[in-house]
Every structure is written in structure tokens, then in C-alpha cells.
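Shown next, in C-alpha cells, is the structure this report addresses.
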Amino acid sequence: MLTEEPIRTRFAPSPTGMFHVGSARSALFNWALARQQDEGRFVLRIEDTDAARNKPEWTEGIIQALAWLGISASDPHFEGPYFQSDYAGKHRESAEQLYKQGRAYYCDCTREQVQARRDNPNLGYDGFCRDRGLEPGPGRALRFRVPEGGPTVVDDAIRGRVEFDHASIEDFVIARADGSPLFALANVADDIEMQITHVVRGEEHLSNTPKQQLLWEALGHTPPGWAHLPVIVNEKRQKLSKRRDKVALESYQQEGYLPEAMVNYLMLLGWAPGDDREIMPWAEMEPLFRVSDVNSSSAFFDEKKLRAFNGEYIRGLSVEEFVRRCRPWLDPEVAPWSEENYDEDIFRAVAPLAQSRVAVLGEIVLNVDFLFLDQPVFDEASWTKAMKPGVGAEMLSATLKRFADPELAWEAEELKSALEEVGQARGLKLGKAQAPVRVAVTGRTVGLPLFESLEVLGRDRTRHRIDAALARLNA
RNA sequence: GCCCCCAUCGUCUAGUGGCCUAGGACGCCGCCCUUUCAAGGCGGUAACGCCGGUUCGAAUCCGGUUGGGGGUACCA
């Protein structure tokens with residue numbers, strides 16, 4: 001391994017329109033390694049060769065997602081983005097070189113012929129064209145000539161020595177009949193061109209590795225250090241798939257997961273800092289990360305734990321920062337209230353009360369909507385529960401009367417004592433007594449501390465809502 | 001089928017031959033606090049897949065087995 005040379009890691013996503021959480025973890029691990037050395041580099045290469053599914057805007061999405069994670073394109077350790085499609089010439093040269101060296105040969109077998117002919121059902125291509133000396137031509141693909149004897153040994157930083165017998169590796173295609181190189185070749189040619197020293201990627205690539213290592217050697221270069229990260233799985237222990245699982249980083253972002261919580265959680269999928277700490281900022285984790293310390297078994301993406309981390313990070317924010325981070329969800333453009341009704345100062349007044357009550361930022365809306373809506377949104381289950389006959393109407397009308405008293409200072413502590421008295425007169429503890437008022441004013445049985453909320457809402461609006469609830473009760 | 005990887009509480013993990021009657025975190029349960037709900041505090045539940053070795057001694061080393069997973073394209 002080129003430990004003397006500065007580390008050059010790479011992150012090589014194909015632009016498919018969404019950023020997978022597994023990719024995010026790979027990127028983070030690669031980023032940490034690159035940042036540990038002054039001259040370390042993290043190379044971003046967009047593998048856009050599959051023109052069929054590939055749009056320019058996806059690339060922008062990748063860069064934004066990386067930036068969200070703290071992997072900034074303006075950081076001196078960041079290099080790229082490079083586009084695989086720009087290196088097509090280089091790929092063809094590599095294919096040519098391999099052919100001239102006799103390390104690859106042309107093959108005109110169709111898929112059907114390969115299928116029909118194979119004597120060993122356990123192997124794919126049988127090497128039919130190996131020695132036919134075919135020249136390049138239409139309908140002829142280029143295959144790599146896998147050496148006859150011995151194994152290829154992959155030295156993996158996470159898994160150790162992994163042996164692949166050459167007998168189990170078929171002569172794989174490296175360039176299509178139309179001359180265009182395949183992933184296996186393009187990927188290696190690019191890594192060589194970009195002087196990548198360490199390939200840290202998902203375990204699903206482990207089976208490709210002996211082929212790629214063979215290619216590196218055939219092309220005259222020392223293979224990089226390999227590290228294959230365990231796959232991230234769902235509750236059924238299958239690799240996270242975009243069809244059935246929630247894998248898009250953007251979806252977590254939209255729900256209100258903080259990047260620092262996501263980064264922290266992702267780093268812990270397969271790796272641990274060592275002591276008994278789990279909540280640890282990136283700046284502390286980065287220098288501690290060792291790829292050889294990464295676990296080799298698959299890891300379940302546990303959103304419950306992510307949520308817990310996120311709540312922890314939210315509570316750690318200053319109030320002002322919390323307010324700032326909530327803005328995207330409070331914006332009247334997307335929130336259920338109108339521009340005229342929204343007032344950030346009002347939100348700021350209750351923000352400290354809300355901060356410990358949300359695990360993801362998106363939940364902020366249901367916590368404060370009653371402040372900015374003309375009418376609260378009544379949760380029917382809450383209504384039924386709080387407005388029990390004999391309690392609901394009683395409490396509401398008595399409270400309405402009590403709150404009309406101009407002597408009553410409109411301040412949380414005063415309001416609390418007032419309601420306590422109203423409740424006591426009816427043999428109700430505060431817990432029970434406050435319920436109808438809470439539902440009348442906020443629409444729900446759970447929420448922010450009531451009296452602070454009332455104070456912010458104001459006497460008139462509070463009384464109006466209690467009155468309206470009374471009407472609703474009698475309707 | 002074949003190739004390859006993996007195996008500690010439900011989950012993420014610590015653990016690299018004795019410090020382990022296996023530690024932490026999430027979850028779950030209980031108690032406390034309490035104007036609801038959270039948050040917070042305290043306590044609890046729960047694991048070395050199985051069988052053989054090696055060794056004075058094994059969660060840690062070796063073999064097998066079982067069970068998971070990944071890969072098997074002229075996709076990336």
C-alpha cells in the first residue's frame with residue numbers, strides 16, 4: 001500500500017436522481033481519510049457513462065447533498081468533480097493497450113451462444129474465443145483474458161485477505177461490441193488516471209474487486225488499498241433498496257433531520273470511536289476514524305436511533321439557532337398559515353418550550369400552528385377525550401368568566417393559579433382541569449405548556465376560542 | 001447452482017486469551033419530577049447461533065455446522 005504517498009480517496013456516484021444514505025456514509029468515511037492528511041484528497045467523480053439515465057441536474061444534487069453533510073467542494077481536500085464521460089478516450093486507450101498486450105481478446109459470441117455452450121453450469125463464459133485470434137470488428141466485444149493458474153488475493157483493510165480462484169472468474173467483457181468500455185474497465189482506468197490510493201466503497205463491490213485488481217496489474221500499476229464497507233440493511237436484513245426502503249438523504253433532510261445528527265449517526269454504522277461515547281461532533285470523529293476499525297458485519301439503519309440523536313442535537317442548539325433552523329418549515333409558503341398571521345417574534349417566544357418537544361424539525365408545525373391559525377385544528381380524539389359531559393362545558397364556561405376579570409394579569413403564573421382555582425371549585429386537579437381549555441385553544445390534548453401558550457396568544461384570542469369551543473359543544 | 005462476505009442484548013456497538021458474574025447507546029418497562037406531552041433524573045429487561053478442538057484459561061484462536069447477506073450482465 002502506498003502509505004508514503006498522500007492519500008487520495010474517491011467517491012464515485014452515478015447520478016441517478018437521489019442520494020442514498022449508504023453513499024452518504026461511504027462519502028463520509030472517504031472524506032475523513034482524505035482530511036486526516038494535509039495533502040490528502042477526496043476526489044469526486046461522477047460516473048455518468050450510462051447516458052440513458054443521467055441528467056445534468058442530478059450532479060448538482062450530489063454536490064448539494066455532499067455540502068449538506070459538510071463535504072464542501074471549496075475545501076482544499078476536495079478535488080473534482082470529474083466526469084467519467086470526459087475520459088472515454090482514456091478508457092478506449094486502456095482497452096486498446098490490453099488488446100495489444102494480449103491481455104484481452106475479441107469475442108463474437110452472442111449471449112445465447114455463451115449460454116448454450118457452457119459445459120460448466122456454474123461458470124458463465126467458457127473462453128471459446130480465447131485463441132481464435134479475432135480482430136476487432138462489428139459484433140465483437142473485448143474480453144479480458146483471466147490468467148489460467150492461481151488465485152488473485154485481495155488485501156482488504158476491513159476483511160483481511162480474500163482469495164478468488166481464477167477458475168471461478170470468467171473472461172469478462174471490458175468493452176462492448178460498439179467499442180464503449182464497461183464499468184469494470186472505466187472505473188479502473190479512471191482510478192489509475194486520478195491516482196487513487198485507497199478505494200473505500202460498499203461491500204457489493206467486493207466480488208468485482210479481483211477483476212479490477214487484475215486490470216490494475218495488467219495496465220501496469222500497483223493496485224490501491226481496498227476497503228469494503230458492510231452493507232446497510234433494512235429491518236429484514238436486506239440491502240437498502242430505493243424501491244422498498246427510505247434511502248434518499250433528501251427525504252430525511254426534508255423531515256427535519258439535522259446534518260450533524262445524520263453525519264454522527266452514519267459514522268456509527270459500522271464504526272465506533274472506541275470509548276463509550278456516541279454523540280460526537282464530526283470535528284472530533286474525523287481524526288479518530290480508521291478504516292481498519294470498521295466492522296465487517298452488515299448494519300441496520302435504525303431510524304429510531306437516528307431520531308434520538310436528532311433530538312439530542314436539536315436540544316443542543318441555541319434558541320436563536322433553533323429558530324433559524326426551523327424557518328424552512330415555518331415559512332407561510334409551505335406552512336398551513338398565511339403570511340399575515342405569521343410572526344417570527346411570536347414563534348421565538350415559544351421556541352424554548354418547543355425545542356425539547358421535537359425530534360425532527362418538521363414536527364415544529366404541529367406544535368405552534370395554533371398560534372398562527374385563525375382557528376385551531378381540532379383533533380377529534382382529543383376533543384372527545386377532553387370535552388366529557390359535565391367537565392368540558394363546565395370548565396370552559398367557568399374559565400371564560402374567570403379570564404374576563406380585568407384584575408387578572410395576563411401572565412402565565414397568574415393564569416395557572418386562576419385555572420387551578422376554577423378546577424378546585426369542581427374537585428378537579430390541574431391536570432384534568434386544563435384539558436378542556438387546552439383543546440379549545442390549541443385543538444389537541446398534547447402540546448406546549450398551556451399557560452405560557454395562553455400568555456403569548458393573548459386574552460382576546462384565548463377568550464374567543466373558548467367561546468367558540470363552547471358553541472361547538474352546544475351545536 | 002457457483003463465488004465471496006458475515007455472525008455479542010430487538011437494534012448500533014465495546015471487547016482483540018485471564019480486567020467479562022460481557023460495558024455503552026437506541027428501543028422497551030417501571031419509578032421520580034410535572035399544567036398535557038416532551039425533556040431530565042433513577043432503576044430494570046435483554047446477547048457472545050450451534051458442535052468440536054487449541055489452551056491452565058476462550059466472546060476473543062482453529063475447524064466444522066447452521067443461519068443471514070452480497071455478487072453472479074456487451075448495468076453502474
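Throughout, protein chains are lettered first and strands after them, A, B, ... in sequence-line order, and every chain is numbered starting at 1.
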Sugar-phosphate, base or nothing in reach of E204(A), heavy atoms under 4.0 Å: sugar-phosphate
Sugar-phosphate only, base, or nothing, as touched by G202(A) at under 4.0 Å among non-hydrogen atoms: nothing
C51(B) versus U66(B) - spacing of their P atoms, nearest Å: 15 Å
Flag, side chain of W383(A) to backbone of L473(A), donor-acceptor distance under 3.5 Å: no
Sugar-phosphate only, base, or nothing, as touched by R159(A) at under 4.0 Å among non-hydrogen atoms: sugar-phosphate
Distance, C1' atom - from C31(B) to C50(B), rounded to whole angstrom: 40 Å
Separation of atom NZ in K416(A) from atom P in U35(B), rounded to whole Å: 4 Å
Straight-line distance of H91(A) NE2 to Q84(A) CD, nearest 0.5 Å: 5.0 Å
For atom CG of L268(A) and atom C1' of A14(B), their distance in whole Å: 11 Å
Along RNA chain B (nearest heavy atom to each residue), the more 5'-positioned of D293(A) and L448(A): D293(A)
Sugar-phosphate, base or nothing in reach of E303(A), heavy atoms under 4.0 Å: nothing
Working for side-chain hydrogen bond (donor to acceptor under 3.5 Å, both in side chains), residues R176(A) and S180(A): CA-CA 5 Å; R176(A) 299 182 183 87; S180(A) 62; 2.9 Å; yes
Listed nucleotide nearest any side-chain atom of S296(A), set G27(B), A7(B), A25(B): A7(B)
Minimum-distance nucleotide to R357(A) side chain [options: C37(B), A39(B), A25(B)]: C37(B)
Atom NZ of K429(A): over 12 foreign heavy atoms under 6.0 Å: no
Validation row, ring centre F347(A) to ring centre F372(A) under 6.0 Å: no
Euclidean distance, atom OH of residue Y265(A) to atom P of G27(B) [Å, nearest integer]: 12 Å
Trace of the ring pair (Phe, Tyr, Trp, His ring centres under 6.0 Å) decision for Y265(A) with F301(A): CA-CA 9 Å; Y265(A) 178 71; F301(A) 189 90; 5.4 Å; yes
Among U36(B), C74(B), C5(B), the nucleotide that comes nearest once only the side chain of Q434(A) is considered: U36(B)
Given A39(B), G70(B), A76(B), the nucleotide with the shortest approach to the side chain of L182(A): A76(B)
Euclidean distance, atom CZ of residue F451(A) to atom C1' of C37(B) [Å, nearest integer]: 14 Å
Touch class at under 4.0 angstrom, heavy-atom based, for Q355(A) against every strand present: nothing
Distance, P atom - from C6(B) to C62(B), rounded to whole angstrom: 11 Å
Same-atom distance (C1') from C9(B) to C29(B), integer angstrom: 15 Å
Whole-Å C1' distance, G70(B) and G10(B): 24 Å
Sugar-phosphate, base or nothing in reach of R111(A), heavy atoms under 4.0 Å: sugar-phosphate
G15(B) versus C20(B) - spacing of their C1' atoms, nearest Å: 9 Å
Residue-phosphate contact under 4.0 Å: R237(A) side-chain N/O, C12(B) OP1/OP2: yes
Sugar-phosphate only, base, or nothing, as touched by A141(A) at under 4.0 Å among non-hydrogen atoms: base
Among G70(B), A39(B), C4(B), the one nearest R315(A) by side-chain distance: A39(B)
Euclidean distance, atom NZ of residue K305(A) to atom C1' of C26(B) [Å, nearest integer]: 5 Å
Touch class at under 4.0 angstrom, heavy-atom based, for F300(A) against every strand present: sugar-phosphate
Same-atom distance (P) from G71(B) to A76(B), integer angstrom: 16 Å
Closest to side chain of A272(A), choosing from U11(B), C4(B), A14(B): A14(B)
Any side-chain donor near an acceptor of the partner, Y82(A) and D190(A), under 3.5 Å: no
Selection from C26(B), G24(B), G69(B) that lies nearest to any side-chain heavy atom of D276(A): G24(B)
Pairing partner of C75(B) (Watson-Crick or G-U wobble, both distances under 3.5 Å): none
Residue matched to G57(B) through Watson-Crick or wobble contacts both under 3.5 angstrom: none
Side chain Q113(A), main chain T110(A), donor-acceptor under 3.5 Å: yes
Pairing partner (Watson-Crick or G-U wobble, both distances under 3.5 angstrom) of U34(B): none
Nearest-neighbour nucleotide for the S14(A) side chain, C3(B), A76(B), U36(B) considered: A76(B)
Which residue lies more 5' along RNA chain B, comparing K304(A) with A299(A) via nearest heavy atoms: A299(A)
Short side-chain N/O contact to A76(B) OP1/OP2 from R176(A), under 4.0 Å: yes
Distance in Å, L457(A) CG paired with T442(A) OG1, rounded so as to fall on 0.5 Å steps: 9.5 Å
Length of the line joining K211(A):NZ and A73(B):P, which is rounded to integer Å: 7 Å
Minimum-distance nucleotide (side-chain atoms of N295(A) versus U13(B), U36(B), C12(B)): U13(B)
Distance, C1' atom - from U16(B) to A59(B), rounded to whole angstrom: 10 Å
Got a list of protein N/O to nucleotides 41-46 of chain B N/O distances below 3.5 Å?
none

G69(B) base / Q238(A) side chain donor-acceptor hit below 3.5 Å: no
Neighbour count above 12 (heavy atom, 6.0 Å) for R244(A) CZ: yes
Touch class at under 4.0 angstrom, heavy-atom based, for L269(A) against every strand present: sugar-phosphate
Base paired to C9(B) (Watson-Crick or G-U; both N/O distances under 3.5 angstrom): none
Approximate separation, where rounding is to 0.5 Å, of S26(A) OG and R201(A) CZ: 10.0 Å
Per V231(A) side chain, nearest of listed nucleotides G70(B), A76(B), U36(B): G70(B)
Sugar-phosphate, base or nothing in reach of S297(A), heavy atoms under 4.0 Å: sugar-phosphate
K239(A) NZ to G69(B) P, straight-line distance once rounded to whole Å: 13 Å
Rounded distance (nearest 0.5 Å) linking atom OH of Y252(A) with atom CG of L258(A): 15.5 Å
Gap between atoms CG and C1', on L419(A) and U36(B) respectively (whole Å): 12 Å
Touch class at under 4.0 angstrom, heavy-atom based, for H205(A) against every strand present: base
